[in-house]
Every structure is written in structure tokens, then in C-alpha cells.
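Each remark here refers to the structure printed beneath this line.
Proteins get letters first, then strands, A, B, ... in listed order; numbering begins at 1 in each.
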There are 4 protein chains.
Amino acid sequence: MTLKNIDQLFQASLAQSDLSAKQKAVLQASLMLFAEKGFERTTTRDIATLAQVSEGTVYKQFKTKQQILDAILQPFITQVFPQAANEFIAELTARPVTSLHAFIQFIVYDRINFGLTNQKQLKVLVQQLLDNGRLLAELGRVFDKVLQGPVKSILDQLQRQGELVNWSHARIFRHIISTVLGYVLPIIILPIADPDVEKITAEATEFLYAGLHQKKA
Amino acid sequence: MTLKNIDQLFQASLAQSDLSAKQKAVLQASLMLFAEKGFERTTTRDIATLAQVSEGTVYKQFKTKQQILDAILQPFITQVFPQAANEFIAELTARPVTSLHAFIQFIVYDRINFGLTNQKQLKVLVQQLLDNGRLLAELGRVFDKVLQGPVKSILDQLQRQGELVNWSHARIFRHIISTVLGYVLPIIILPIADPDVEKITAEATEFLYAGLHQKKA
Amino acid sequence: MTLKNIDQLFQASLAQSDLSAKQKAVLQASLMLFAEKGFERTTTRDIATLAQVSEGTVYKQFKTKQQILDAILQPFITQVFPQAANEFIAELTARPVTSLHAFIQFIVYDRINFGLTNQKQLKVLVQQLLDNGRLLAELGRVFDKVLQGPVKSILDQLQRQGELVNWSHARIFRHIISTVLGYVLPIIILPIADPDVEKITAEATEFLYAGLHQKKA
Amino acid sequence: MTLKNIDQLFQASLAQSDLSAKQKAVLQASLMLFAEKGFERTTTRDIATLAQVSEGTVYKQFKTKQQILDAILQPFITQVFPQAANEFIAELTARPVTSLHAFIQFIVYDRINFGLTNQKQLKVLVQQLLDNGRLLAELGRVFDKVLQGPVKSILDQLQRQGELVNWSHARIFRHIISTVLGYVLPIIILPIADPDVEKITAEATEFLYAGLHQKKA
DNA sequence: AATGAATGAGGGTTCATTCAT
DNA sequence: TATGAATGAACCCTCATTCAT
């Protein structure tokens, strides 16, 4: 069974770390608070309180508040995102790609759900990405990796079939991502209560398909 | 002569305000510092020093540090963006819309330049948008307004001509914006030294045109 | 009129500094507390309270607690001790040196009084000298300077008269200092209530005279 | 074979105590660290680490950090110093006292060597003596005791022979100690690399002999 | 007995904000 | 009006001490 939720992936990542239960609670609480109020406005006392732990315990494992943030971000880069990518790839390869439209529809639906399921976590990440170029760079590397595996062969196949425009895979990905984010980010930021996922998916898919499919000569 | 630079618009906005020269210097300095280091990491002493003003003076006009931020953000909403929108509209109406492709090309080129010219200011804004939903909402209202004026008639015309897909203007705008941001935001965040504006414009235009033009029956 | 009291010299040193009244109060309070409880056991809150000042004010002038200590020690080196040395020299030159015995008697009496009058200040200094070799080195330089001026001519003269042993002035000084400290330091550390200055002076003088005067062939 | 080194005496003192090996390691490590960085700047974690012991173990025997210091200081008072004194006395009695000059020369040479061999330990002690008057008082009692045994008879004999001035033994001792410390303490504090023991001994002996021997009528 | 994770009071320091001059 | 010294709450972090295992 696949995990579609960053929380679960984050838990799993924590589970296989050598941190004690309390240290994990610290990271957990930090994630919540950083998402809610931002890094700067979260105090170490807040963290300790929410984690039901003393302030001293917070600093047992992590030397500084910044290291807590790093400890949260690092698994995102090295674990959560690759893992999410892998599962995404797994689902992709599980089903035979019948057409470009089906492919786009799947991706859009999958990623929109992913985004909406993990609103809180994405918010922290986006905030940090803004003054942490390194983070974005590493995230870029994850995308590159995704673009190598089965995605590459699917795109190649679709291009060979003359269904998909002959652009670089990176460019195609950029368009897909920005279109999806065009729907997801506003929802994350304002928070919109009940987004109509079906409608969103339909709209994004329709636009992307039109933009990416090969026009017949 | 038109202003393409937020700085100039911001100056102009300040000029017609009833703030003293020192208060303007405070806002100016605050903008610089908030962009550079973020709101939280900027101290009122930093601001006073850069503005060549005493800390007391900073608090003469603004009751709190937060009010300084508001004072910067408010003109963005009420002045800078509408002004930018108006100029954008003015340029748009100045030239007769010959075709959807030309229209898209113009918008994309114009907005990409706008974005790249104002990287610093946009960074502050994006940062604030993340934990200030109200800001995004107001920004949305500005967009709505832009979508009423000449843009509306242009889009209507293009749709009547059968060139532009029959989607809502808001949706069309969303696709344009997200596609442009897909190129601009990475440049703002990492900072990429010399972006190839021509290539970016060509790619975004090509994709948007394909995605938005009406397929003949 | 001469100042025999480090407190007064310290005040005078403060008076001609550009520190505000509150900053001076901070240094004053720090001196008291460092003497009483030691540097480490004195908190910045203690200092603020005794100085009748907020903790923020303590840090207006001095960036760290250590800098407060430095600010106290530095004038000791550059002002208080040279000043004390100068006054000592002045008194020395004021009276014609009639004999080695009178010379020793005067020095011993003067320095013992100096030490007993400034017990508290000396205690801070001695404590700091222990883990601040630089301080001792600079103090050494002050002694060197004292050994140049009129003291030099007096010792030279006494040696030429065949009254004083033909040792280096530094060595002679070392013996004088250690003998005086042999009486003064125990009083400073335990604190002995009412030291018999007359008796102490007599004993130290008798011993030093015996040790330092030239035995006739 | 005699022990001239406080370390060895301290070891011996530990050996006959009922402390476990780990507790001894704690005291050992504490001594090292207190000497190096001072009591306040030494953390219990430092001690535990150097002693290769857990922090819990440190607190098994000693209720507080202060008790560790006490546990170190107490043997100095009750064991190390008396032991050192006894050995000093033993050596003294082993050789017949031929003259005042030989007596002084022996003491000076012996104590200067003692001081230079145990620089680190003396530094801790001196530091503690400064804000621990009780310690100095007890040290005084040790001196008193030394002044009772064979030293007393030697001094008596020298005084009867008309070689040694007729001052109280305490006073004579004070002069000897302060003269020796006048050479030893500066070496301990700055640390001077290679002190010329021969020269120091010669100088101190010469001065003390002149100061203490009986002038013929 | 030994461990070391956990505690929490308190330390030095910062900084938004106030106010006497 | 403008200043910047002064304030003090609150921050991040340390460390002596405790206690479950």
C-alpha cells in the first residue's frame, strides 16, 4: 500500500532514524509550529510545550534552533521527496500508459491530491525555499532524478508516438509543475476550505493537454 | 513615459503621500532590508541606520514595526500594482491586438521583464503573501479589476474571433500567470545571473499559445 | 592634595571618560560585585539592579559581560596604577632621601596603607591576574616605568653611597614587593579586622633593611 | 623514597580513601579541569567526559559540584600539605643543620622546586584561596604545625647559636615564604617556559640570609 | 552500582518600544 | 519635531541536578 501523505512519509523517515521518542516529538512539534507561525515566530519554549518536553530536551539532540529546522528540511530532501517520487513513479509504471491525455490526467490528479493532502508541510517548505536557495537546488536534483527513470521512457514513448511535443523533458515538467502549482498554491496560502478537486483536475488537464500534445501537420 | 520599475512606482507613490522626507526614508530603507533579510530578521535599528534617522523618528509615524510593513504593503496593493496594471493596460491598448499569438507574446515578454526588473521587491511580496492571506486576497481583487477593463474587451474579441478558447477570463489569466511564474520565480529565488529573456519568452509563449488557442473543429 | 584611594582614582578615571552617568553606575556596580562574588558568580541582572538601571542599559555601552570586566581592568592598567605610581613617585621626590632605612620605611608604610585602603579593588585584580597573564604583563610594564623615574636615581644614589646592595633595581623591587605582599595579601583574603599597621611596617622595614643594606667590608 | 610531587601525594591520598575507582577518576579529572579553566568554567559534563564516567556517576558520591571541589581541597589540607610538610621535615632532619646559610639554601631550593613541579595544582589552590578564607586559615594551621616539630628545634638552635635573628618563628617563616613566592608565583601565572632555578635559588637565598642572620654586635 | 536522558531554573543577550530632553 | 538613551520582556541556550532504567 502506498503512502500519499507526507506526514506518513515523515513519520516513516523518523521511525528509521536513531532519535528517541522525545526527539521525534520535538521534530514533529517544530514542523507543526514552523508551518503555522513560521520559523522566526516559533520559540523554543513553544516547541517544548507542544512536544510535551522540557526546553533542555529540545537542545539535547539539536545544538541550535536552526539545526532543528535543518533536521526537518534534510529528510524532506533526502527521504520524503525521493520517497514520494518513487511512489509516484511506481504508480506510474504500474499502469500502462495508454495516451498522453491519460498520462497528464493521472499526474495532475495525483499531484494535486498530494499537494492538498500536505498543505501544512508544503507551506513550511515554500517559506524556507524563499531564503534557502540551496534547498531549491537540491529539490531540483530530485526532479532531475525523477526525470531519468520510467518517466523518461514514458515521455520518450509519447514523443516517439507523435503525441507529445518534442520539447526537452525538463521544459515539459516545468509546464506541468507550474500549472499544477497555479491551482495548488493559492489554496495552500489563503486557505480555501473545500477545493473542487475534480474541477481543478479537469481544468489543468485540459490546458496541459492542449499545450503539450503534438499538433498534426 | 511609462515606469516599468516598481522602485519608481514606489517612489511616485511616496511622493504623493503626506509623509515627511524622513518617514519616506524609513519606508525606503525598510523595503530594502525586508527584501534582503526578511521582516523578522530586520531590526528597527537597522532601519534607522540605513534611513539615517533616529530610532525615535521611526516610531513617530509608525506605532509598531508591523505598521511599517503594512505601510509598505498597502501602497503595493492600492498604488503600485494598480499603477503597474494601468500602465500594462495602457500599453496593451496602445497597440491594436492583431492576434492571440501577438497578445500572448506581448504579455509574457512584458511580465517577464517586469518580474526580472523587480526581483528584490517581488521577493518581499512573495514572502509576505505566504503568511498574509489578506494580501493575496487584495492582490486577487487587483487582478479582477485588470480583468474588467480593456483586457476584458480584448479577450472577448479574441474569443469572438474564435482564436481564444472559450474559458473564463480568470482561468485564462491563471494559466498565463502560473506559466510566467514558472520561469520567473526560480530566477528570483536561486539567483540566476543572466537569464535568457528571449528564450524564456519564446518558450512560455509557445506553450501558452498552444494551450489557449481555439482548435478548429 | 594626593589621592591614596583607588576608589577616588577610579572615580576620577570615570569622570574624564565619555560614559554617561548610568554607564558609570554600571561599572561602579560591576566593580563592587566582581570583588564581592567574583566575575562568574555575578549576573548581569545583579549589576543592573545594583546600578539602578535596566539590563538593556547595561548592554548599551558594553557588548558583553566580559567587556564590562575589560572596561574595569583597562583603566586600572592605564590610569589607576600609573596615577598611583605617579603620586607615589611625587611623594618620594617631595622628601629628600636621607638614608636607605628612611627610604624603605617610607615605601613600606605607603604601600601597606595603599593596599589596606583598597582591599576590595585589589581582590578583583588579584583574581583576574590569575587567569589573565596579559594583565600581569601590563602591570609589569607599569612597574618598569616606575623603576625608570626618580626611583632610579634614588636607588642609584643609595648604591653609590654604599648603603644599598649592588643588585639590579628589578630584583630589589621584587624583594620589596613580595615582603609587603607577604603582610598585605593575607589581610585581604581572610579579612582581618584591625591590622596593626605600625607593627607591620616596623617588621617589614626591619627585614628589608637587613636584607638590602650594604654590609661594610 | 620521598614524593616531591603533589600529583603523587594526591594519588596516595586517594588510594587510601574508600572511594571507588570511578569516583577517584572524577576527582582526578576535576582537579585537572579546575586548574585549567577554573571551577566556574568547568562543567560537570567536562568532568564526566574526562573521567570516562557518566554524569550520573559523578553525582553518586558527590551531591553537588561544590562538594567535588571540597573533596579536592580537603585532602590538600588534611593530607597533601601535612604529608608534604612531613617529608620536608624528614629531609630537614635527615641532614644535620650546619649553618643558617645551608638551612636557608635548602629550604629555598626545596620549596622552589616544589612550586615549579606542581604549578597546575598550586594554581587551583591559589584561585580557591582567594574566595575561601577558611582554606587559608586551615593552611595556616598546617604551617603552625610545621613550625612546632623539628623546624622549631632547628630555628631555636640557630637562634641560640646567634646565627639567626631573634624574631618569632612565624615571622621568619613569613619572610621565607613571601620571598620564595615572589619568585614562584609570577612563573605560575604568566607561564615562563624555562626558569633558571639555580639563579633564583641563589638570589632568594642571598637576600633571605642577609635579612635573617644575626648581625654581630 | 551505573547510565545518560530528561529537567527547568536561570544565564547572557537582543530588540521593539517608550520617553525625557 | 527629532533624538537616542533607557527600558524590560522574552529570546535562545547552558548546565547543575534528578531519576527511570
Pair B:Arg41 + B:Asp46, salt bridge at N-O below 4.0 Å: no
Looking across every strand, which nucleic acid part, if any, lies under 4.0 Å from C:Val53 by heavy atom: base, sugar-phosphate, or nothing? sugar-phosphate
The reported gap from CZ in B:Arg45 to OG in B:Ser54 (rounded to nearest 0.5 angstrom) is 11.5 Å
Comparing C:Thr44 with D:Gln52, nearest DNA chain E nucleotide closer to 5' gives the residue D:Gln52
Taken to the nearest 0.5 Å, the spacing of D:Lys37 NZ from D:Thr43 OG1 works out to 6.0 Å
note: C:Arg45, atom CZ; F:dC11, atom C1'; distance rounded to Å ~ 13 Å
B:Tyr59 atom OH is separated from F:dT1 atom P, nearest whole Å, by 18 Å
**Prompt:** Hey, does C:Lys60 reach any base, or is it just sugar-phosphate, or nothing, if we go heavy atoms under 4.0 Å?
**Reply:** base
**Asked** Counting only heavy atoms not in C:Gln52, do more than 12 sit closer than 6.0 Å to its CD atom?
**Response** no
Here the distance between atom C1' of F:dC11 and atom CZ of B:Arg41, to the nearest Å, is 16 Å
Note on DNA chain F: ranges paired as stems (three or more Watson-Crick/G-U pairs in a row, both atom distances under 3.5 Å) are E:2-21 with F:2-21
- Going by heavy atoms in the side chains, are D:Gln128 and D:Leu125 under 4.5 Å from each other? no
note: A:Gln67, atom CD; F:dC12, atom P; distance rounded to Å ~ 15 Å
The correct set of residues in residues 20-39 of chain A placing a heavy atom under 4.0 Å from DNA chain E is A:Ser20, A:Lys22, A:Gln23
In A:Val53, A:Leu50, A:Thr44, the residue satisfying side chain to side chain contact (heavy atoms under 4.5 Å, CB included) with A:Val26 is A:Val53
Note to self: Donor-acceptor check, side chain of D:Thr42 to backbone of D:Leu33, threshold 3.5 angstrom: yes or no?
What the structure shows: yes
When you measure from the side-chain N and O atoms of D:Thr43 to the phosphate of F:dC15, is any distance below 4.0 Å, counting only OP1 and OP2? no
The first and last nucleotides of DNA chain E lying within contact of chain D, meaning any atom under 4.0 Å from one of its heavy atoms, run from E:dA2 to E:dG4
Here the distance between atom C1' of F:dA16 and atom CD1 of D:Ile68, to the nearest Å, is 10 Å
Q.
What contact category does A:Thr42 fall into here, base, sugar-phosphate, or nothing, at under 4.0 angstrom with non-hydrogen atoms?
A. sugar-phosphate
- Does atom CD of C:Gln67 have more than 12 heavy-atom neighbours, drawn from other residues, nucleotides or ligands, at distances under 6.0 Å? yes
Here's one to test your reading of the geometry: is the NZ or CZ of D:Lys65 within 45 degrees of the ring axis of D:Tyr59 and under 6.0 Å from its centre? no
For D:Ala29 and D:Ile47 the tightest heavy-atom approach is CB-O, 3.9 Å
Inset, instruction - Starting from the C-alpha separation in whole Å, work towards a yes-or-no answer on side-chain contact (heavy atoms from CB on, under 4.5 Å) for D:Gln127 and D:Phe34. - result: CA-CA 9 Å; D:Gln127 278 171 342; D:Phe34 292 166; over 6 Å; no
Comparing nearest nucleotides in DNA chain F, the 5'-proximal residue of the pair D:Lys63, C:Glu55 is C:Glu55
